[in-house]
Amino acid sequence: MKGTRKVFVKSFGCQMNVYDSQRMTDTLAPEGYVETATAEDADLIILNTCHIREKAAEKVYSELGRMRRLKDDAAANDRRVLIAVAGCVAQAEGKEIVRRAPAVDIVVGSQNYHHLPGLIARAEREGHAVNTEFPVDDKFDHLAGPSRAAMRGRGVTAFVTVQEGCDKFCTFCVVPFTRGAETSRAADKISAEVERLADAGVCEVTLIGQNVNAYHGAGPDGRPWSLARLLEHLARVRGIERLRYTTSHPLDMADDLIAAHRDLPALMPQLHLPVQSGSDRILAAMNRRHTRADYLDVISRLLESRPDMALSSDFIVGFPGETEDDFAATLSLVDEIGYSGAFSFKYSPRPGTHGAEMTDQVDEAVKSERLHRLQHAIDYQQAAFNRHCVSRTFDVLFERPGRHPGQIVGRSPYLQPVQVEAPSSLIGEIASVTITEVSTNSLFGALARQPALAAAGA
Ligand code: SF4
């Protein structure tokens, strides 16, 4: 029988990495590994890395320096600690990681987590194990599902990966290189996973993928299902009250998906739809394959379908060749749409991408100044969107205790955190809340009905 060992996983980056980290610990559970919250007492340390942000690889190497010291301390006490690097940096750097950081025992690419038990055994036997292939078999067919206890421990909301990889090749992005070509999971596998989550008390599921609305997984009849069809199917799973999906590409906002926002009450009225720039010249240089007018058309059809839709986006400022006029076009697009929030970043070249080879890079000081102006505009819109919620009453799904005693925190349909003075027995329930106050990032409210009624009515 396998003895108990402890695994510590540190996740960097997006929700897909958080999901992958959970699936790694689920896969290691039958091998006798239990999750620990601290690296200090772990027998296996996994860094699940992200390559989206600037200097991602350098940050991983610096974190590995800290992990090597923990490994040395453990060795001085006759305890063997294994260090694994997973995720997009592992995929991009491969064996180079072991060369630069010999304390690393395992390098595992994002499509190979199901091989972790074998890689651990190989590293224990041979010293190192590296696997960054793009395998022909689907990791999801082999990754263990979470136990009921693990699902319960993770709360009432869950992420489920339905799609991975990307074929779009935006010129700033490494995803097509680190995650490979677009693939979608079969609908019945996703449905079975969502049913298990619902059975463990999860009531909100967010479907995730690098390009989630390009989903085209096989349906039970063997024919490809669209994301809309999948959502419609999952909305019928008993116990699932709320559905969301992220991240989407404007080109893949199909008519049936737009209609689903009108027809499916479980599909929440919030959409993250990155546009990156408001200038057609820059959108073409980014190889986004759509124009500003295409994006505005999608937004207008979405709002026709669901008038209260809250919209968010990603923006990159200072892409090579961006002029003041191009940037002004981004600001005017923000003005035209009115976002409930958005993420904005300065462009920084990613090795291996076409954008990194462009010669007309924008000066850092110019990027910083433009980012400052854009963030000011977005913050203003977010504050306005939140202010508009005061005195309104809507359903909140309570997820966890708040920072102060007697307070619990949930999410509005528009994904804003909502803090309410209410009994903790409401965690996991949906209750009607009237918003009384707002700050830039949060809403504060009061239960619109007595707790007993609210809980019964959820
Ligand atoms: S669509 Fe998204 S994931 Fe795909 S290349 Fe463009 S930015 Fe990257």
Side-chain angles (χ1 to χ4, degrees), residues 12-20 48-54 56-57 87-92 109-111 134 159 161-185 206-217 226-227 244-254 257 271-292 294-295 298-299 311-322 326 330 333 339 342-358 374:
F12 299 82
C14 67
Q15 288 308 335
M16 291 198 65
N17 266 11
V18 174
Y19 177 83
D20 283 347
N48 193 10
T49 61
C50 169
H51 212 310
I52 293 287
R53 297 279 169 270
E54 200 176 359
C88 293
V89 173
Q91 191 69 52
S110 30
Q111 301 306 325
F134 283 109
F159 292 94
T161 293
V162 300
Q163 181 278 334
E164 271 196 288
C166 183
D167 297 340
K168 297 270 189 308
F169 289 91
C170 299
T171 52
F172 54 82
C173 180
V174 287
V175 165
F177 307 103
T178 57
R179 292 273 176 166
E182 238 172 62
T183 55
S184 297
R185 296 175 68 194
T206 303
L207 306 182
I208 51 176
Q210 266 95 23
N211 199 359
V212 71
N213 56 343
Y215 176 83
H216 57 274
S226 65
L227 185 65
R244 303 181 189 272
Y245 59 92
T246 198
T247 293
S248 298
H249 190 286
L251 265 191
D252 295 311
M253 284 310 299
L257 187 54
L271 183 65
H272 184 67
L273 192 62
V275 63
Q276 311 296 358
S277 169
S279 151
D280 280 342
R281 221 174 58 79
I282 296 300
L283 288 171
M286 287 175 165
N287 192 32
R288 289 291 289 173
R289 307 174 192 210
H290 65 79
T291 61
R292 173 193 178 105
D294 296 333
Y295 182 80
V298 169
I299 299 290
L311 295 159
S312 64
S313 178
D314 292 336
F315 291 95
I316 293 175
V317 300
F319 189 78
E322 186 189 74
D326 293 317
T330 298
L333 181 78
Y339 288 102
F343 300 103
S344 47
F345 310 95
K346 287 191 280 185
Y347 172 75
S348 69
R350 296 288 174 274
T353 59
H354 186 48
E357 291 158 18
M358 295 180 179
L374 177 61

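In each ligand, atom 1 is the first atom listed, and ligand 1 is the first ligand listed.
- In H354, the NE2 atom is not crowded: 12 or fewer heavy atoms of neighbouring residues, nucleotides or ligands sit closer than 6.0 Å.
- In this structure, F172 and T353 have side chains that are not in contact, with every pair of non-hydrogen atoms separated by 4.5 Å or more.
- Here F159 and Y245 keep their ring centres 6.0 angstrom or further from each other.
- For R288, the heavy-atom gap to ligand 1 drops under 4.0 angstrom.
- Contact annotation: the side chain of V212 approaches that of V162 to within less than 4.5 Å [non-hydrogen atoms, C-beta and beyond].
- Atoms of ligand 1 lying under 4.0 Å from any heavy atom of F172, numbered from 1 in the order shown and given with element: 7 (S).
- Nearest heavy-atom pair across P274 and S248 is CD-O, 3.1 Å.
- Ring centroid separation for the pair Y339 and F315 comes in under the 6.0 Å cut-off.
- N211 places none of its side-chain heavy atoms less than 4.5 Å from the side chain of T247.
- The count of protein N, O or S atoms under 2.8 Å from atom 4 (Fe) of ligand 1 stands at 1, with waters excluded from the count.
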